Amino acid sequence: MLILLALGLQGAVAAQAQPAAPSPFADNDHPALPQDDYIPDEPAAETDTAEDAPETPTEEGADIAYGAFQRGYYLTALEFALPRAKLGDPAAQTLVAEIYSRGLGVPKDPDEAAFWYSAAAKSGDPAAQLKYALMLLEGTQVEKDRDRARELMKKAADAGNSSAQFNYGQLLITDQPGSEGIKAALPYMLASAEAGIADAQFALAQIRAYGIGNTEPDLDEARKWMIRAARSGYDTAQLDIAVWLIDGIGGDINFDAGFGWMRRAANSGNIMAQNRIAHLYINAIGTRPDPIEAAKWYILSRRAGLEDASLEDFFQGLTAEEQKAGIEAANNFRSRF
């Protein structure tokens with residue numbers, strides 16, 4: 001996440017109180033969420049991503065093309081959209097660009113996609129302005145132009161495109177390190193988070209928890225946004241909430257809740273969560289002790305490159321049968337989310 005790099009967030013929220021019980025995460029002090037916020041088995045809500053799909057066109061011809069696009073009839077969508085795109089219809093131009101960009105029904109053609117995104121951006125389509133701005137920032141398909149990218153991103157953000165609001169907020173923070181960048185970015189981040197962008201919700205949770213940019217820390221506000229990001233299926237937010245609950249900083253300890261969120265993040269493939277849930281199984285925190293499950297999660301995280309000397313000592317202390325069972329469980333693991 002660019003927001004993490006821009007803010008330099010390496011540690012955890014400053015401790016407000018000491019945990020009431022020993023925790024395997026004593027080196028990461030986090031505020032806890034209220035118990036009512038625990039629903040880790042709830043299916044992840046559908047949420048927007050950092051790049052929006054084409055917005056619904058308003059012109060009748062483009063509506064037909066968009067309807068075909070939504071039903072998966074991409075060649076039909078292209079047939080209807082392309083003539084309108086050539087006539088300057090920005091929504092149709094964006095739709096054509098999306099088809100070529102993703103290779104839907106046609107071979108991928110990044111150059112053709114860039115051409116139509118550029119045309120639609122000039123015509124004022126916010127979704128195209130976002131996409132073309134990202135291309136300008138990347139500089140692989142078109143010549144890199146950060147100033148033009150920032151201009152287009154701002155236009156899309158000011159037009160209400162929620163993904164553009166998040167990305168523009170990141171640009172502001174990157175371009176203006178410190179309190180001024182945070183202050184300028186917050187309105188955009190807030191609008192994006194309220195629109196359901198999980199990336200923005202997670203970023204806001206960290207900003208509020210740390211009090212970054214000379215803002216006052218607000219753990220209640222941080223919890224609100226972190227829980228929304230977690231419920232959207234954002235695995236890093238699920239990991240953070242789990243640690244907050246287990247450490248009990250800023251609220252009551254809830255081991256069961258913490259374990260539930262940690263399991264959800266681990267099942268989604270989050271490597272750090274896989275490592276930490278092994279500790280939970282070993283120490284029977286929020287669950288019964290289970291050496292086979294602990295071994296499984298340790299093996300998965302180790303295979304991903306996360307070394308842990310204490311878990312290696314634990315694994316070497318298992319019987320040969322237990323080690324074999326743990327390896328088999330790891331081999332059979334499939335991400336559930």
Side-chain angles (χ1 to χ4, degrees), residues 11-42 44 205 209 219 222-223 226-227 229-231 233-304 306-319 322-323 325-327 329-330 333 335-337:
V13 181
Q16 301 297 310
Q18 292 301 314
S23 165
F25 315 136
D27 59 332
N28 288 286
D29 297 324
H30 297 266
L33 291 172
Q35 184 170 342
D36 291 345
D37 284 331
Y38 165 55
I39 47 170
D41 293 323
E42 178 183 273
L219 296 182
R223 288 194 294 267
M226 190 66 79
I227 193 66
R231 287 174 174 170
Y234 198 94
D235 63 291
T236 306
Q238 293 166 353
L239 166 64
D240 280 5
I241 290 172
V243 177
W244 289 8
L245 287 161
I246 290 168
D247 280 352
I249 304 302
D252 295 334
I253 285 176
N254 188 329
F255 289 143
D256 292 341
F259 174 81
W261 280 115
M262 193 71 77
R263 180 178 57 191
R264 187 170 181 83
N267 277 323
S268 74
N270 186 291
I271 299 168
M272 182 61 71
Q274 291 172 347
N275 171 275
R276 291 185 171 185
I277 200 170
H279 287 281
L280 299 188
Y281 276 113
I282 292 170
N283 293 286
I285 297 177
T287 186
R288 293 181 179 180
D290 191 329
I292 306 304
E293 278 294 293
K296 177 188 81 174
W297 291 115
Y298 166 56
I299 291 166
L300 287 168
S301 65
R302 186 182 65 184
R303 287 175 179 174
L306 185 56
E307 300 292 334
D308 188 316
S310 64
L311 287 180
E312 179 62 22
D313 287 343
F314 158 78
F315 184 74
Q316 294 302 325
L318 296 176
T319 66
E322 289 173 329
Q323 289 181 354
I327 292 171
F333 172 76
S335 179
R336 299 181 186 177
F337 302 102

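Note that the structure is a prediction, hence the values are computed from the model and not measured.
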side-chain contact (heavy atoms from CB on, under 4.5 Å) evaluation trace for I327 with F315: CA-CA 11 Å; I327 292 171; F315 184 74; 4.3 Å; yes
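- Atom CD1 of residue I285 and atom CG of residue L245 lie 12.5 Å apart, to the nearest 0.5 angstrom.
- Not counting sequence neighbours, the partners of A237 by the side-chain contact (heavy atoms from CB on, under 4.5 Å) test are F202, M226, A229, A230, Y234.
- The OH atom of Y281 lies 12.0 Å from the CD1 atom of I292; values are rounded to the nearest 0.5 Å.
- Under the side-chain contact (heavy atoms from CB on, under 4.5 Å) criterion, D235 pairs with Q238, S268, N270, not counting sequence neighbours.
- Residues passing the salt bridge (Lys or Arg N to Asp or Glu O under 4.0 Å) test with E312, sequence neighbours excluded: R302.
- In this structure, A295 and F314 approach most closely via the heavy-atom pair N-CE2, 4.0 Å.
- To the nearest 0.5 Å, atoms CG (D256) and CD1 (I246) are separated by 10.0 Å.
- For the atom pair CD1 of I277 and CG of D290, the computed distance is 10.5 Å after rounding to the nearest 0.5 Å.
- Distance check: F259 CZ to T287 OG1 gives 4.0 Å after rounding to the nearest 0.5 Å.
- In this structure, the side chain of S301 engages the main chain of Y298 through a donor-acceptor pair within 3.5 Å.
- Of all heavy-atom pairs spanning P291 and E322, the tightest one is CG-OE2, 4.0 Å.
- Checked against side-chain contact (heavy atoms from CB on, under 4.5 Å), A330 has the following partners two or more places apart in sequence or in another chain: K296, I299, L300, R303.
- With sequence neighbours left out, D308 forms a side chain to side chain donor-acceptor pair (under 3.5 Å) with N275, H279, S310.
- Taking CH2 of W297 as the start and CG of N267 as the end, the distance is 4.5 Å to the nearest 0.5 Å.
- Listed here is the closest heavy atom pair of I282 and A294: CG1-CB, 3.7 Å.
- Of all heavy-atom pairs spanning A242 and G258, the tightest one is CB-O, 3.2 Å.
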